[in-house]
Each structure stands twice: as C-alpha cells, then as structure tokens.
Amino acid sequence: MGKLESEYEDIPGTYVFDGKRCIEGFQLNKFCKSLDLEANRAAFRDDPSGYLDKFPMTPEQRKAIEDRDWLGMLQLGGNVYYTFKLAAFDGITMQHIGGAMSGITVDDFRQMMLAGGRSVEGNRSKSEWK
Amino acid sequence: MGKLESEYEDIPGTYVFDGKRCIEGFQLNKFCKSLDLEANRAAFRDDPSGYLDKFPMTPEQRKAIEDRDWLGMLQLGGNVYYTFKLAAFDGITMQHIGGAMSGITVDDFRQMMLAGGRSVEGNRSKSEWK
Amino acid sequence: MARIIGGVGCSHIPSVGAAMDNGKTQEPYWKPLFDGYEPAREWMRKANPDVVIVVYNDHAAAFDISLTPMFTIGAAPEFLPADEGYGRRKVPNVRGYPELASHLIESLVFDEFDINTALEMDVDHGLTVPLSVMYGQPREWPCRVIPLAVNVVKYPQPLGRRCYKLGKAIRKAVDEFDEDLTVAIFGTGGMSHQLQGERAGLVNPDFDKAFLDDLSGDVARLTNIGHVEYMREAGSEGIELIMWLVMRGALDDKVHEVYRHYHVPASNTGAGLIILENDQ
Amino acid sequence: MARIIGGVGCSHIPSVGAAMDNGKTQEPYWKPLFDGYEPAREWMRKANPDVVIVVYNDHAAAFDISLTPMFTIGAAPEFLPADEGYGRRKVPNVRGYPELASHLIESLVFDEFDINTALEMDVDHGLTVPLSVMYGQPREWPCRVIPLAVNVVKYPQPLGRRCYKLGKAIRKAVDEFDEDLTVAIFGTGGMSHQLQGERAGLVNPDFDKAFLDDLSGDVARLTNIGHVEYMREAGSEGIELIMWLVMRGALDDKVHEVYRHYHVPASNTGAGLIILENDQ
Ligand SMILES: [Fe+3]
Ligand SMILES: [Fe+3]
C-alpha cells in the first residue's frame with residue numbers, strides 16, 4: 001500500500017493513475033496510444049476485433065473498450081489521456097466522455113460547466129457520497 | 001562553453017559525449033542505432049547509399065561512416081556505443097575499433113591489453129602528447 | 001549575462017488552441033476568455049524576451065506508458081507540434097536553443113536535479129497553447145523556446161516543493177549563462193480541473209483564486225500543498241499547478257502581479273493566467 | 001520489513017557474458033577471471049536474497065539518442081534481455097517486482113529524487129552480465145530484480161555524490177517496505193576503462209585498487225570524485241563507477257569487505273568485483 005494511497009483513494013469518483021493502475025492498464029493504454037498513427041486507426045476501423053487481439057488485455061478491459069465504457073476503462077487501469085485517444089477516434093469530445101463518466105448527458109455536462117463546473121463541496125470524500 | 005568543458009577537453013584522445021557532440025552527432029548516431037533491427041541491417045546491406053540517404057548527416061559524417069573511419073565518427077559527434085553497432089554489423093570487435101581509433105593493429109591492441117592496458121601515465125593531458 | 005524578465009502562469013487548454021486555429025475566438029462562448037488575453041499579449045509584445053522556458057507536461061503525445069520521464073529538457077534546435085489525433089497543430093515549429101538548454105542541464109545536474117535530455121520531442125498543446133495565448137498567431141514564434149516537460153500524469157508527480165526548488169536552480173543557471181539574453185518563463189497547466197471519473201468537471205474557483213493570490217502573497221503555503229490536497233481540492237488534473245511553482249521559483253522572492261485573468265469554463269476547465277515581475 | 005543484506009560491485013563486460021554463453025570460461029584467457037568469481041557465487045548462494053536491485057546503465061539498447069533518461073526504475077513484472085546486435089542474449093528473462101518498484105519510486109520522489117518509471121524496458125549486458133557473474137547459468141534467476149538504470153553515457157552524468165545519496169534514499173525505502181524480504185544491491189560497470197578515441201584501452205589499476213579500498217575505508221573521498229577526475233584517471237567509460245556509489249550508499253556507514261577480485265584484461269577493461277556487508 002503506497003504512502004498516500006488510502007488518502008487519495010478516499011477522493012470520490014477519481015482514479016489516481018498510480019503504479020498499480022499504470023501496470024494494470026498497460027495494454028489498454030498501449031492500445032489507445034497506438035491510435036496516434038493513422039495506419040493503426042485504419043486497421044482498427046477495418047477490423048476492430050483483430051486489431052484488439054494484438055493487445056493482450058483482460059476480457060473486462062477489452063469489453064470496456066468495445067462497449068465504450070469510459071468509466072470502466074478508468075476502473076481497469078485506463079488513463080484519461082490515453083482513453084481520450086479512442087474518444088477522438090470516435091469523433092467525440094472531452095465533454096462527451098465527461099458526461100459519460102459522470103452519468104449525465106453531454107448537454108447536462110455542458111450546462112454544468114457553463115454554470116461554473118462541478119463544485120468541490122460535497123465531493124471531497126467518499127464519505128460524502130454515501 | 002560548459003563549466004567543465006575546458007578541463008575535459010584537455011584529456012587527450014577522448015571525446016566527451018556532451019550536449020554539443022550529442023546534437024552534432026544526432027543523425028549519425030541515429031543511423032547506427034537503426035541497425036538494431038534486422039530489417040534495417042538488410043536494407044543497409046542491400047543499398048548502403050540509399051539507406052544512408054534517410055539520415056540527413058553532414059558530408060563529413062557520411063564519409064566517415066562509408067570509410068569506417070572510427071575515430072572520425074567520434075570527432076564528428078558519434079558515440080562509441082552507437083558506432084559499435086556499425087562495428088557489430090561489420091562483424092568486428094571492440095578491440096578492432098580500439099586499435100583503429102588509436103592507430104595500431106588489432107593484434108597490437110590485444111597485446112597491449114594483455115600487458116595491462118594503456119597506462120594513464122603520460123596520457124592525462126594534451127600537454128603530455130605534444 | 002542572461003536574465004529572467006518575468007514569469008507567466010497560464011492554463012494550456014486544447015480547445016483554446018482549437019478556438020484560435022478555427023477562428024472562433026469571437027464567438028460568444030470564447031470571447032470573454034480571449035478578451036482577457038489581450039492585456040497579456042500587450043505585456044508580451046513589450047517584454048519581447050529572446051527566450052521563453054516553457055514548463056509544461058506532455059499528454060501521452062511524445063511519451064507513452066513505457067517510460068514516464070520526470071523532468072525533461074529539450075535541447076534540440078527545433079521541435080514539431082505533436083499530432084494529437086487531428087494531424088499536427090497548424091502553428092509554427094518551435095525553435096529551440098541548444099546551447100542554453102545544454103547549459104541548463106549541466107547546471108541543474110550539478111545542483112542535483114536528475115534531468116533527462118530530449119533531442120527529439122514533439123511538443124503538444126501543453127506547450128503550444130500557452131504560446132498561442134501569449135503571442136496570438138504570428139507566422140513564426142518571436143522567441144526561442146526551451147521545453148521543460150514535467151510528469152504530472154503518473155503518480156507520484158514531483159512535489160510542489162521540488163518544482164519550486166527546480167525553479168530556483170533554473171534562475172541560478174540563467175543568471176550564469178554567458179550571453180546577453182532576456183528570458184521569460186511560463187508555468188503552464190491547470191488551474192483546477194478534473195477530466196476523469198464520476199467527479200469529471202470539477203472546478204474550484206476559491207482554490208484557484210487563493211493560488212493566484214499567493215503566487216505573490218504566500219509562496220510558502222503553495223509549496224507545501226501536497227499531492228492529495230491538489231487532487232482533492234483542485235481535481236485530479238489540477239495537480240498540473242505544480243508546474244507554475246517552477247516558474248515562481250525562477251523569480252525573485254518578492255514579486256508583484258502585473259496582470260491576471262480567470263475564467264470558467266473553457267471546455268472542462270477553469271482557465272487562469274497571471275503575469276509576475278520581480279520587484280525592483 | 002525488507003532489509004538490505006549486502007552490496008556487490010561488479011563490472012558488466014559484454015565479453016564476459018559471451019564467454020559464459022559460448023562455453024569459453026575454462027579457456028586460458030578467461031579461466032583466471034572466472035576462477036575468481038567462484039567465491040562470489042558461493043557468497044551469493046548463501047545470501048540468496050529475494051530481490052536484487054541492479055544499478056546499471058543502458059548502452060543505447062533500450063534507450064536512444066532521442067531521450068537520455070537520468071535515473072529510471074523498472075516497475076514491470078518482467079524484462080527481456082535486449083538484442084544488442086546478435087539476437088537477445090540467451091539468459092532467463094528477468095522477473096521484476098512491481099510492488100517494491102512502485103514503493104521505491106514513491107519514496108524516492110518524496111525524498112526529491114526525480115525518478116523515471118519504465119514499464120517496458122529491455123535490459124542489456126549492463127544488467128544481465130552481473131547476474132551471470134554472480135549466479136552462473138541457472139534455468140531461472142533465483143531472485144526478483146529491480147532494474148535501476150543510470151545515465152552514464154551522456155555528459156553530464158549525475159554526480160557521484162548524488163548517486164551516493166540516492167543509495168541512502170533507497171536504503172530508507174527498502175527499510176520501510178512492509179514485506180519480509182531480503183534485498184541485495186549491485187552497483188555495476190567499470191572499473192577503469194576507455195572504449196573510445198586514441199586513448200582507447202586505458203586501464204588504471206592504481207585508481208581501481210584505491211576505489212575498492214575506499215568503499216570500506218574512505219567513502220567521502222569517493223563521493224567527491226568529479227566528472228573530470230573519473231574521465232581522466234579511469235577513462236571515459238570509467239565514470240560508470242558512480243553506479244557503485246549507489247550500492248555503497250544503500251549500506252551502513254560502516255561496512256566490511258567480504259571478498260574482492262580484480263583482473264586485467266577482460267576485453268578492453270579492468271574487471272573488478274567486490275562484496276560488502278554491513279558491520280554487525
Ligand atoms: Fe495539461
Ligand atoms: Fe557499461
């Protein structure tokens with residue numbers, strides 16, 4: 001257990017990309033990173049399943065990608081800067097996945113941002129989310 | 001001029017791989033590094049000149065490579081761990097290029113090593129090499 | 001001798017760059033933000049530094065999960081805007097300053113900072129957006145740039161205290177550089193924001209305002225903010241603010257604020273900008 | 001709690017690995033060297049640590065000229081022997097220890113060391129040859145390994161003093177790790193040698209002997225050796241000896257020498273080996 005792990009794991013709705021997640025999500029993030037190259041994007045577009053075979057992930061990780069389960073990816077070691085590459089591949093924005101991860105529509109998410117964003121009040125500790 | 005540059009530049013027969021040389025030799029070393037991959041070794045073997053065209057070096061650097069001028073490569077920004085990859089490509093050893101860089105035959109170089117190596121006496125300062 | 005003429009703290013929001021690249025800065029959503037940039041650009045035109053040290057982070061563009069470099073100085077003659085999935089950003093290439101970069105690296109290593117050297121490194125929005133914010137859309141960037149990439153993505157990020165000390169060591173190195181140059185330093189990223197998880201969209205204007213205030217008021221408080229406080233109060237990506245502390249460390253102990261601008265929202269983020277100068 | 005049970009200093013000469021891989025260790029050229037390794041292997045069998053931290057450098061195998069990382073800890077579950085031009089070295093894969101590696105990284109970063117994290121990194125002769133020297137040719141390495149790669153190729157390398165302090169911080173982190181483990185630490189590279197230039201083939205046995213002596217006798221002298229003294233006296237590649245100071249720093253202030261072996265030549269190099277244990 002890391003020195004601060006119990007403290008940062010208490011922050012609700014937040015997946016700190018620490019050593020543990022970094023190792024767990026290695027192949028998932030590597031897949032996402034591969035989409036930087038147009039040749040790989042084309043290969044993934046043509047044959048999603050065959051392309052994913054190149055990255056030996058867990059079945060849960062693979063399903064999260066196939067389902068575009070943006071929150072699930074994070075919970076399985078994904079990092080948002082990597083998973084965003086898949087969002088960009090899909091042609092959707094950071095607001096889309098912000099909404100998806102927090103369980104609201106993209107329009108509600110945009111509205112929330114226009115109103116000043118999500119407040120830190122009530123969102124500091126998991127104990128506040130019970 | 002770096003803080004220690006005048007001091008280490010006084011060491012005779014030695015090319016400290018500092019920022020300056022690192023930048024100067026960037027393409028030369030990159031070419032050498034590319035030989036890590038068998039596909040690249042094959043390409044270089046088949047068409048040395050065409051392969052070298054991919055690395056925009058100075059004419060002097062390119063000539064040093066073509067001539068297998070091991071000392072010249074260092075003087076033009078090469079680093080021995082990189083240029084050794086070209087030596088390995090040629091099937092020659094560190095003793096071969098040790099001899100070539102110091103102007104003796106490989107047998108004399110081996111003999112020198114068996115006799116305890118090159119002494120530091122008389123080899124500390126360029127002033128001793130006059 | 002080279003000298004630091006000022007420091008800028010500046011968010012590096014991708015959509016701010018995109019708004020400029022796509023000519024949207026006068027749209028109602030963007031206008032208030034960009035109007036606030038004008039006085040900063042005016043300062044920049046007057047200051048016109050020869051070199052800008054840009055402290056930023058790479059967002060999985062130049063680096064990937066295989067290797068997470070902690071502090072990296074770019075010593076190449078040129079850096080290309082990264083392709084972040086939409087082709088390379090259409091801004092000028094970034095001209096480096098190898099001699100100054102090598103000097104910085106040597107000096108910092110002698111001061112026991114463990115600095116990586118990059119000789120080939122594409123620079124992503126973390127670096128190019130603050131240039132756009134401060135310089136607008138020139139045909140060439142009017143300064144040379146030293147990229148200083150900081151890991152803020154993988155925990156553990158460097159401590160804020162460490163970043164501040166790095167700034168102080170940069171200051172010393174710049175002061176000792178034997179050319180007559182003016183140098184500005186940008187600390188980029190932030191301010192409070194969270195891109196990920198169920199808490200995505202978090203913005204904390206109180207935290208941000210206090211941070212802006214204490215850059216000139218109480219730096220000791222800022223350098224003592226730890227990982228958990230950043231992540232909890234400023235969002236998981238708000239920890240990017242440690243990069244502003246590198247900038248702050250490179251200035252005098254006493255500084256005054258020349259200008260600030262704060263606006264919510266820009267995309268998912270609170271956008272902040274501050275200009276600091278040394279007291280005379 | 002984990003604890004450090006000893007330190008090893010050991011050259012990492014490629015041809016020593018090749019002599020083993022090709023069954024040449026009993027040839028007249030190699031026999032005196034390998035005979036001297038036997039007592040060290042005996043110590044290793046008895047010590048049988050759960051984990052070995054190997055401080056080594058990459059020789060343009062995993063890293064290249066684009067990025068020179070200063071201090072890098074490998075946190076992957078496994079590392080493959082690098083292909084250094086003749087195919088991957090035919091030795092077992094290296095099993096890592098991600099939990100301990102992550103703990104080390106966190107602890108070191110909190111102690112203000114700027115550590116890079118590698119999650120994919122082939123390990124070259126710098127790491128595998130010392131394993132071969134100390135363990136012979138087992139089917140699997142009997143320990144888990146934490147690779148700690150140090151830049152010694154591009155000037156400025158870290159100061160010897162910095163390496164020594166890094167060792168002390170590693171010691172603290174190991175002591176705090178909450179598992180009952182025995183840990184050895186290898187400092188590799190050196191001793192005096194120069195591969196490059198007209199001065200290629202330089203060996204300085206007096207320097208090497210004094211270095212070996214002072215690992216237990218006068219560490220302060222060693223930590224004050226600067227870049228130029230290493231390069232001038234021990235050859236341009238002799239500066240690899242700074243990695244032995246990481247090992248030394250991880251031991252107690254008072255240590256005793258268990259064993260040493262020194263032999264010239266092995267290929268272009270003076271080959272040294274030392275085993276140190278903490279005084280009781
Ligand atoms: Fe950022
Ligand atoms: Fe070595």
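Everything numeric in this text was worked out from a predicted model, so none of it was measured. Side chains are part of it too, since the values below use all heavy atoms of this structure and drop only hydrogens, waters and symmetry mates. A note on names: the letters A, B, ... follow the listed sequences, proteins ahead of strands, and every chain is numbered from 1.
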For chain B, which residues of [range] have at least one non-hydrogen atom nearer than 4.5 Å to it?
range                       : answer
residues 50-83 of chain C   : Ala75(C)
residues 142-156 of chain C : none
residues 104-134 of chain C : Glu106(C), Ser107(C), Phe110(C), Leu119(C), Glu120(C)

Residue pair Glu176(C), Lys3(B): steps toward the salt bridge (Lys or Arg N to Asp or Glu O under 4.0 Å) verdict: CA-CA 10 Å; Glu176(C) 287 172 7; Lys3(B) 294 181 197 222; 3.1 Å; yes
Can you tell me if [X] has over 12 outside heavy atoms packed within less than 6.0 Å of its [atom1]?
X         : atom1 : value
Arg41(C)  : CZ    : yes
Asp279(C) : CG    : yes
Lys90(C)  : NZ    : no

Gly19(B) to Ser102(C) - nearest heavy-atom pair and separation: CA-OG, 3.6 Å
Contact list for residues 88-121 of chain B, test ring-ring contact (aromatic ring centres under 6.0 Å, His included), sequence neighbours left out: Phe44(B)-Phe89(B)
